[in-house]
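Contents: one structure, followed by commentary.
Quick note on labels: first sequence line is chain A, next is B, and so on, each numbered from 1.
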Amino acid sequence: MSEVRVRFAPSPTGFFHIGSARTVLFNWLYARNTGGTFILRIEDTDKARNTDEALQVLLDGMRWLGLDWDEGPEVGGDYGPYFQSQRGAIYEEYLGKLKAAGRTYEQDGAVFFKISGEPQVLEDAIRGRVERTEEKDFVIVRSDGSPGFHLVNVVDDIAMGITHVIRGEDHLSNTSKHMELFKAFGAPLPVFAHIPLILKEQGKGKMSKRDEGALVEDYQKSGFLSEAVVNYLCLLGWSPKDDSEKMPLKEIIERFGFDGINKGNARFDSRKMSFLNTSYLRELSLDVFIEMARPILLEAGVIDVSVDEAYLKQVMAISQEKVRMPVDIVGISGTFFSEEFEIEPKAEAKVFKKGEPMVCLQEFKEALETLEDYSVAGVEAGMDALVERSGRKRNDFFGVARLAVSGLDRGPGFYELVSVLGKDRMVSRIEAFISSRSEVS
RNA sequence: GUCCCGUUCGUCUAGCCUGGCCUAGGACACAUGGUUUUCAUCCAUGCAACAGGGGUUCGAAUCCCCUACGGGAUGCCA
């Protein structure tokens with residue numbers, strides 16, 4: 001039995017495209033599912049646009065997603081080097097074989113490969129039988145002497161013992177070229193598996209790096225959880241067939257296979273991805289949630305490094321379940337850390353639509369001033385007492401008080417909000433609100 | 001233009017290979033109601049699809065053909 005060897009062979013461009021990420025993911029899942037080897041090979045034959053910086057974007061993205069490679073940059077392996085720019089001698093050697101076999105000729109300084117012109121019958125692991133006949137000889141060495149994509153791709157797959165080529169459907173038409181080359185080298189064909197493409201959310205065509213949500217690094221920056229991104233990505237074009245959607249990676253690995261991969265292209269859906277992310281977000285332990293939120297809050301200037309950790313923890317504890325997207329944490333918890341916040345006009349309009357909110361607010365403030373117990377239960381008891389003696393409803397106090405101390409009509413649960421802000425902040429914020437209102441009117 | 005691939009609710013998909021269990025299931029989104037005496041959740045219900053046309057068959061989402069539409073490839077990019 002031969003061990004499975006799969007590879008991801010990106011060309012570093014400075015971006016890590018979501019489509020590439022899914023191609024890596026499928027390769028990685030297949031390797032992990034079969035106990036095979038996952039190889040990362042860098043296709044940097046196009047000297048002009050390959051920089052070390054671009055490579056790091058790629059490696060960082062893969063690491064963030066948790067897709068580790070068994071052979072490749074930084075980890076080495078027995079089939080190196082893993083940069084095509086360092087494999088010149090190998091390409092020379094293989095090129096020599098083609099020349100010796102009379103399968104090449106030069107024209108205008110470039111080396112062309114003489115195709116056989118025979119129909120190439122591919123047994124694709126996902127699409128089944130695909131027949132295509134290559135019609136034109138193609139360039140394998142450019143006139144500047146550098147080897148071209150088709151040559152290096154095939155040579156490396158042969159030299160590295162790749163058993164399964166899992167790649168986007170955009171390569172399906174190239175496969176007849178590659179099969180010609182494999183045969184010319186007398187090498188056995190790997191199993192090809194062409195996976196469907198990811199189409200852009202709006203408009204026509206496949207997702208391109210300019211599209212909203214196309215870059216892995218954007219998800220990383222905006223605080224998405226990599227587990228959610230990975231989970232969502234594997235649902236684009238693959239299905240476990242039994243309605244499972246949210247699954248731990250371990251389970252995905254166990255269940256992954258070519259059988260569950262669809263033929264049709266899949267349209268990207270940012271809302272479903274967000275839904276999954278929210279779902280994962282809510283499950284985080286408080287400590288992990290805080291560490292996820294911290295950089296976002298620091299970046300937004302909501303907190304600085306000298307933040308009171310105990311207070312931060314209290315605020316996060318009551319905010320976590322309100323967060324839909326990672327960035328929401330800024331809006332939801334922002335007003336806990338500063339006495340200067342905007343009163344949202346929409347929220348204000350809602351509060352002042354009916355009743356006598358300012359009177360209620362005054363009464364509420366007075367109740368707070370005499371309240372001793374600021375635990376959540378204590379605040380609730382205080383509210384009960386206030387309702388009792390004023391003859392009003394709780395609803396008469398909730399909205400206006402929330403507005404006065406946070407400027408919003410939403411946020412953490414009310415009693416929790418009061419409890420965490422505490423007496424001093426509550427009273428002074430309400431006073432500030434009342435005086436700002438009386439000045440206006 | 002040519003070649004290759006695809007086509008089930010708005011979106012992701014199950015069902016297709018091995019035709020009847022499909023009055024086509026689930027999820028996101030959306031709508032309505034309920035729970036939460038605030039906010040967010042949560043729960044229930046609803047909306048909504050086999051691209052079209054021909055075959056084959058007792059019977060087709062499922063098999064075959066055509067058309068339409070979508071995607072990709074047609075580079076001395078990868």
Side-chain angles (χ1 to χ4, degrees), chain A residues 9-13 20 42-46 48-50 84 107-112 120 122 124 126-128 130-136 138-150 152-153 167-177 194 196-201 204-206 232 235-246 259-260 262-276 278-279 282 318-324 328 332 347 380 383-384 387 393-403 406 408-418:
Chain A
S11 171
T13 56
S20 304
I42 306 302
E43 305 216 335
D44 55 352
T45 55
D46 184 13
R49 66 186 203 200
N50 285 292
Q84 291 185 332
Q107 192 178 324
D108 299 334
V111 179
F112 280 72
Q120 301 299 318
L122 166 67
D124 192 276
I126 293 164
R127 304 173 181 267
V130 178
E131 181 179 325
R132 186 169 186 278
T133 304
E134 197 58 37
E135 281 167 353
K136 282 188 343 203
F138 54 92
V139 171
I140 51 176
V141 180
R142 303 184 188 101
S143 49
D144 68 359
S146 63
F149 164 70
H150 300 300
V152 297
N153 192 271
R167 53 172 25 167
E169 198 222 47
D170 49 344
H171 283 292
L172 191 55
S173 300
N174 287 148
T175 307
S176 47
K177 288 189 181 71
H194 287 94
L197 302 182
I198 300 178
L199 268 26
K200 59 179 73 188
E201 187 155 30
K204 295 162 77 90
K206 64 173 174 174
Y232 176 69
L235 258 22
L236 277 185
W238 173 79
S239 162
K241 311 256 187 205
D242 70 348
D243 298 339
S244 304
E245 295 204 322
K246 189 164 170 230
D259 248 15
N262 284 29
K263 296 189 180 84
N265 294 160
R267 194 171 293 276
F268 188 75
D269 184 357
S270 59
R271 289 178 304 186
K272 184 145 187 176
M273 170 126 152
S274 297
F275 166 80
L276 264 177
T278 302
S279 170
R282 296 228 161 97
I318 63 172
S319 301
Q320 179 172 2
E321 62 169 4
K322 312 296 172 181
V323 174
R324 296 186 127 269
D328 292 348
I332 289 171
E380 186 163 4
M383 176 65 92
D384 286 340
V387 166
K393 292 178 181 161
R394 288 165 191 248
N395 278 338
D396 296 331
F397 302 104
F398 284 135
V400 68
R402 184 189 288 280
L403 181 75
S406 75
L408 302 171
D409 61 355
R410 58 192 179 277
F414 188 75
Y415 304 127
E416 288 85 350
L417 172 80
V418 175

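Spacing between atom CZ of A/Arg271 and atom P of B/U11 amounts to 11 Å, rounded to whole angstrom units.
For A/Lys246 against B/A27, no side-chain N or O and base N or O form a donor-acceptor pair under 3.5 Å. A donor-acceptor contact under 3.5 angstrom links the side-chain atoms of A/Glu245 to the base of B/G26.
At the phosphate of B/U41, neither OP1 nor OP2 sits under 4.0 Å from any side-chain N or O atom of A/Lys322. Side-chain N/O atoms of A/Asn262 include none lying less than 4.0 angstrom from OP1 or OP2 on B/U8. Between A/Lys206 and the phosphate of B/A73, there is a side-chain N or O to OP1/OP2 separation shorter than 4.0 Å. The phosphate of B/G15 (OP1 or OP2) has a side-chain N or O of A/Lys241 nearer than 4.0 angstrom.
Paired with A/Ser176 under the rule side-chain hydrogen bond (donor to acceptor under 3.5 Å, both in side chains), one option of A/Glu131, A/Gln120, A/Glu134, A/Glu135 passes, and it is A/Glu134.
Residue-level contact check: A/Asp409 touches the backbone only, with heavy atoms under 4.0 Å from sugar-phosphate atoms and none from bases. Within 4.0 Å of A/Gly205, counting heavy atoms only, lie sugar-phosphate atoms of the nucleic acid but no base atom. A/Lys393 comes within 4.0 angstrom of no nucleic acid atom, judged by non-hydrogen atoms across all strands. As judged by a 4.0 angstrom heavy-atom cut-off over every strand, A/Ala110 is placed among the base-contacting residues.
A donor-acceptor pair under 3.5 Å is formed between the side chain of A/Ser274 and the backbone N or O of A/Ser270.
Each of A/Leu199 and A/Gly411 was matched to the nucleotide of RNA chain B holding its nearest heavy atom; the match closer to the 5' end belongs to A/Gly411. Each of A/Asp170 and A/Asp269 lies near RNA chain B, and the nucleotide nearest A/Asp269 is the one positioned closer to the 5' end.
When each of B/C76, B/C39, B/C4 is scored by its nearest atom to the side-chain atoms of A/Val139, the top-ranked nucleotide is B/C76.
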